Structures are given as C-alpha cells and as structure tokens.
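This report concerns only the one structure given below.
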2 protein chains.
Amino acid sequence: MHLDSKNHARLTCEVESTIKVIGGRWKVLIIRELMTVKRFGELLRALPGITQKMLTQQLRELEDDGIVRRQVYPQIPPKVEYELTPLGETLKPLLYAMHEWGVKYLQQKNQ
Amino acid sequence: MHLDSKNHARLTCEVESTIKVIGGRWKVLIIRELMTVKRFGELLRALPGITQKMLTQQLRELEDDGIVRRQVYPQIPPKVEYELTPLGETLKPLLYAMHEWGVKYLQQKNQ
DNA sequence: CGGTATCCTTCACGATACTG
DNA sequence: CAGTATCGTGAAGGATACCG
C-alpha cells in the first residue's frame, strides 16, 4: 500500500470505519467472547461490569454492522444465541494484531 | 498464537489497551497526519471539525501514551512540532490492517 | 502561534423497574 | 430468559474568551 497524499483521505475514512465498528467500550470484549457461540445470559456473566442495557445495545450495533448474528429459538423460556458472522470472523487477525501491539506497548510502558 | 481459555483474559486486556490508546475519536486521524511531522496549526487545519481544545487534549494523551513527541522551539512567535515516536511508528502496520478491513467491510455493507 | 480557562450543553451510561 | 422503558447523573465535548 502507498501512503501518498491521494491515499491519505481514503485511509483515514476506512480506518475510521473500522474504529467505529470495534471501538465501542465493550465491542472487542464481546467479539472475543463470541469466538464461541454464546447465549445472552452467558455474555452477561462473562463481561463483569456490563449492564443488560449496554450488552443489548452493543449487540444490536454489532448486528447492524454485520459482525454478529442473533439466533432466536422461539420457546418458553426464550433462548437467544449470538455468534460471529463470516465478516465478524475476519476481524480475528485484526484483534490478534492489536493484541501483539498491546503487548509491546505495555512492555515499553512498564520499563 | 493460541486461543484457549487461558489466553482469553490476556488477549482481552491487551486488545483493550490498544483500543484505549488509538480508540479516541480523533486519535487515528491525528496519527495519520503525523506520519509526517507537523505544527499545531497545521494539524488544526488538517482536521476539519476538531476544536483547539480537543486537539490539545488528544495530543497530550498520545504524548502521555508515548505515541507522539512534542518539540517546542522557544522563539517568538512560538513554534511547536509534533511527530510520532518510534513506538508510534509501530502503529502503522496496525493502521494498514484496519484500513484493509475497513475496505472489506464497506464493500460488503454497500452490496 | 499555541495554547488555557471557563461555562454550558449534550448524551452516553448506570440504576431500577417492568414484561412477553 | 432475554429483553424494553424510564429516569437520573457525570463526564465528554463545544463555544467563547483570554494569555505568554
């Protein structure tokens, strides 16, 4: 990829799009949990500190962005499962890259 | 890298650290601008919509996180230059990866 | 030029209660 | 179980004025 001035605007735009999708406070945590399919209540317990309201909201946003799929089983009591879409799966390498950089960052910071 | 349950906690923590550093509203835009050294006023003009207050604030945070270096030239009128630190430079591959994913995401969304 | 300081508004988020 | 609805608060951010 080039970095000349013509590409700067497009780079900006698309990097921002990515940040908007995964930059929310709980987004990466939710995506990580959904590396295996989980029910709503499981997610709630797996994310200490999140409220029901926030979990619902962030899941809806991820769903709207095509990252997460919501599977409703019409039964009593209700059962709803969440999983990554194929597009959501493509975020994994990005999360790994962010993990790698985070390691380096924390090392450098703690010196 | 593995993704067994033992690694999940560490992955989370460090991915979140990365998001905290570059997840701010203007952070990636500022970092992109600083791929070449720039003065305060140049940044202000390069980022339409940002306020002086926000630019100062985000630059200070990036400085505290070791991403950006602030170079003051003690002269009248004042001259202050900002540039990426070596650690800041290491963010470039991550921005490129985010760019790539953003391209894919926007393509899929516009279909 | 490159900032601070101050005030003000908005809204993200938490807490709580209720429901199919 | 998996939500929605409502209210309240604090912090983020904008607008404006001032300063070394």
Side-chain angles (χ1 to χ4, degrees), chain A residues 12 16-34 36-65 67-85 88, chain B residues 12 16-34 36-65 67-85 88:
Chain A
T12 300
E16 273 220 285
S17 298
T18 304
I19 284 284
K20 275 182 187 161
V21 172
I22 65 170
R25 178 171 172 188
W26 298 96
K27 296 287 178 67
V28 292
L29 301 184
I30 292 173
I31 292 168
R32 193 222 25 176
E33 290 304 325
L34 292 182
T36 62
V37 60
K38 283 196 174 58
R39 297 182 60 172
F40 186 85
E42 290 183 287
L43 286 171
L44 207 53
R45 284 188 299 276
L47 300 167
I50 200 172
T51 59
Q52 228 176 20
K53 177 183 170 185
M54 281 310 295
L55 178 56
T56 301
Q57 181 181 311
Q58 304 271 299
L59 281 170
R60 292 291 180 277
E61 290 178 12
L62 288 170
E63 206 185 343
D64 292 343
D65 288 334
I67 307 302
V68 161
R69 179 161 180 270
R70 181 170 181 261
Q71 177 79 357
V72 182
Y73 297 89
Q75 60 187 42
I76 305 288
K79 174 179 173 181
V80 180
E81 283 183 345
Y82 293 90
E83 61 186 336
L84 294 182
T85 62
Chain B
T12 299
E16 273 219 285
S17 298
T18 304
I19 284 284
K20 276 183 187 158
V21 172
I22 65 169
R25 179 171 171 187
W26 297 96
K27 297 286 178 69
V28 292
L29 301 184
I30 292 173
I31 292 167
R32 193 224 23 176
E33 290 304 326
L34 292 183
T36 60
V37 59
K38 284 196 173 56
R39 298 181 59 171
F40 186 85
E42 289 182 287
L43 286 171
L44 206 54
R45 284 188 298 276
L47 300 167
I50 200 172
T51 60
Q52 226 177 21
K53 177 185 170 183
M54 282 310 296
L55 180 55
T56 301
Q57 182 181 310
Q58 305 271 300
L59 281 170
R60 292 292 179 277
E61 290 178 14
L62 288 171
E63 206 185 342
D64 291 344
D65 288 334
I67 307 303
V68 160
R69 179 161 181 269
R70 181 169 181 260
Q71 177 77 358
V72 182
Y73 297 89
Q75 58 187 43
I76 305 289
K79 174 179 173 181
V80 180
E81 282 183 346
Y82 292 91
E83 62 187 334
L84 294 182
T85 63

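Below, read A as the first sequence line, B as the second, and so on, with proteins coming before strands; counting in each chain starts at 1. The figures that follow rest on heavy atoms only: side chains count, while hydrogens, waters and symmetry mates do not. Keep in mind the model is a prediction, meaning the values are calculated, not measured.
- If you measure from atom CD of A:Gln58 to atom C1' of C:dC13, you get 10 Å, rounded to the nearest angstrom.
- The interatomic distance linking B:Ile76 (CD1) with D:dG20 (C1') rounds to 7 Å, in whole Å.
- Counted by atom type alone, A:Arg60 and A:Gln58 present zero donor-acceptor pairs between their side chains at under 3.5 Å.
- Comparing A:Pro78 and A:Lys53 against DNA chain D, the residue whose closest nucleotide sits nearer the 5' end is A:Pro78.
- For the pair B:Leu44 CG and C:dC1 P, the computed distance is 11 Å after rounding to whole Å.
- The CZ-C1' distance, from A:Arg70 to D:dG3, rounds to 8 Å in whole Å.
- Distance B:Arg25 CZ to D:dA12 P: 14 Å, rounded to the nearest Å.
- When only modelled atom types and interatomic distance are considered, B:Glu81 and B:Tyr73 share a side-chain donor-acceptor pair under 3.5 Å.
- For A:Met54, taking side-chain heavy atoms from C-beta onward, the closest of the listed nucleotides D:dG14, C:dC13, D:dG3 is C:dC13.
- Taking five base pairs at each end of the helix from C:dC1-D:dG20 to C:dG20-D:dC1, the local helix axes there meet at an angle of 50°, rounded to 10°.
- Scanning all heavy atoms of the two residues, the minimum distance from A:Ile22 to A:Val28 falls at O-CG1, 3.6 Å.
- Rounded to whole angstrom, the span from the CD atom of B:Gln52 across to the P atom of D:dG13 amounts to 17 Å.
- Listed by chain and number, the residues in a side chain to side chain contact (heavy atoms under 4.5 Å, CB included) with B:Lys38 are B:Glu33, B:Leu34, B:Thr36, B:Glu42, B:Leu43 (sequence neighbours excluded).
- Nearest nucleotide to the side chain of A:Thr56, out of C:dC7, C:dG3, D:dG3: D:dG3.
- Annotation: side chain of A:Leu59 is in contact with side chain of A:Phe40 (closest heavy-atom distance under 4.5 Å).
- Atom CH2 of B:Trp26 and atom C1' of D:dG13 are 11 Å apart (whole Å).
- Between B:Arg39 and the phosphate of C:dG2, there is a side-chain N or O to OP1/OP2 separation shorter than 4.0 Å.
- Counting to the nearest Å, the P atom of D:dG3 and the CD atom of A:Glu81 are 12 Å from each other.
- Under the 4.5 Å side-chain criterion, counting only non-hydrogen atoms from C-beta, A:Arg39 is not in contact with A:Val80.
- Within 4.0 Å of A:Tyr82, counting heavy atoms only, lie sugar-phosphate atoms of the nucleic acid but no base atom.
- More than 12 heavy atoms of other residues, nucleotides or ligands sit less than 6.0 Å from atom NZ of A:Lys79.
- The side chain of B:Val80 sits closest to C:dG2 out of C:dG2, C:dC13, D:dG14.
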